[in-house]
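Since the structure comes first, as structure tokens, the remarks are kept for the end.
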Amino acid sequence: MPQPQTASPAAVSRGARGATRVADRVVAKIASQAAREALSRSGESAPSVLPGRSKPHATVSVRPAPEREHALGQARVHIVVELGYPSDIGAQCGAVRRAVSEQVSRLAGVKVQQVVVTVERLHSAHTRGVMTGRTR
């Protein structure tokens, strides 16, 4: 039985071979999970991840990578977290930023250009179990 003829990879131009695209929601899920893991590893006096607290939420924009790069795209990540207080907020945000960048690059093959961490809410150790709202 004759073998079908196939062109060698070098003979087919890069554009004709097709492309792999990583969906924004996939990168967002990876980023959210990485943030959750980074916060759970945090050794702060006020726990970072408490029951009833909303999980980190990520918004992502992925663009195709320029032809000269080997990455599957370039991502800008915006992640929203809630933290315990008192704690080292800067250190926790830095840990989230590093973890998100590393995990997205490693698991999705996407180059992370920017990670913005927004602290949406602080949870005081003194008001846990008390009704929510503003504390003076």
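Applying the side chain to side chain donor-acceptor pair (under 3.5 Å) rule to pairs touching residues 23-34 yields Gln33-Arg36, Gln33-Glu37, sequence neighbours excluded. Sorted by first and then second residue, the pairs that involve residues 116-125 and meet salt bridge (Lys or Arg N to Asp or Glu O under 4.0 Å), not counting sequence neighbours, are Glu82-Arg121.
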What side-chain donor-acceptor pairs closer than 3.5 Å can you find for residues 56-65, not counting sequence neighbours?
none

Return a table of donor-acceptor pairs under 3.5 angstrom between the side chains of residues 95-103 and protein atoms on other chains or two or more places apart.
| from | atom 1 | to | atom 2 | distance (Å) |
| --- | --- | --- | --- | --- |
| Arg97 | NE | Val115 | O | 3.4 |
| Arg98 | NH1 | Gly94 | O | 3.4 |
| Gln103 | OE1 | Arg106 | NE | 3.3 |
| Gln103 | OE1 | Arg106 | NH2 | 2.7 |

Could you go through the side chain to side chain contact (heavy atoms under 4.5 Å, CB included) check for Val119 and Cys93 one step at a time? CA-CA 8 Å; Val119 179; Cys93 290; 3.7 Å; yes

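For the pair Gln92 and Ser87, the minimum side-chain heavy-atom distance is below 4.5 Å.
Closest of all the heavy-atom pairs between Val112 and Ser105 is CG2-OG, 3.9 Å. Here the shortest heavy-atom pairing between Ala108 and Leu72 reads O-CD1, 3.4 Å.
Applying the side-chain contact (heavy atoms from CB on, under 4.5 Å) criterion to Thr118, with sequence neighbours excluded, gives His78, Val80, Val116. Every residue meeting the side-chain contact (heavy atoms from CB on, under 4.5 Å) condition with Val26, not counting sequence neighbours, appears here in chain and number order: Val22, Ala23, Ile30.
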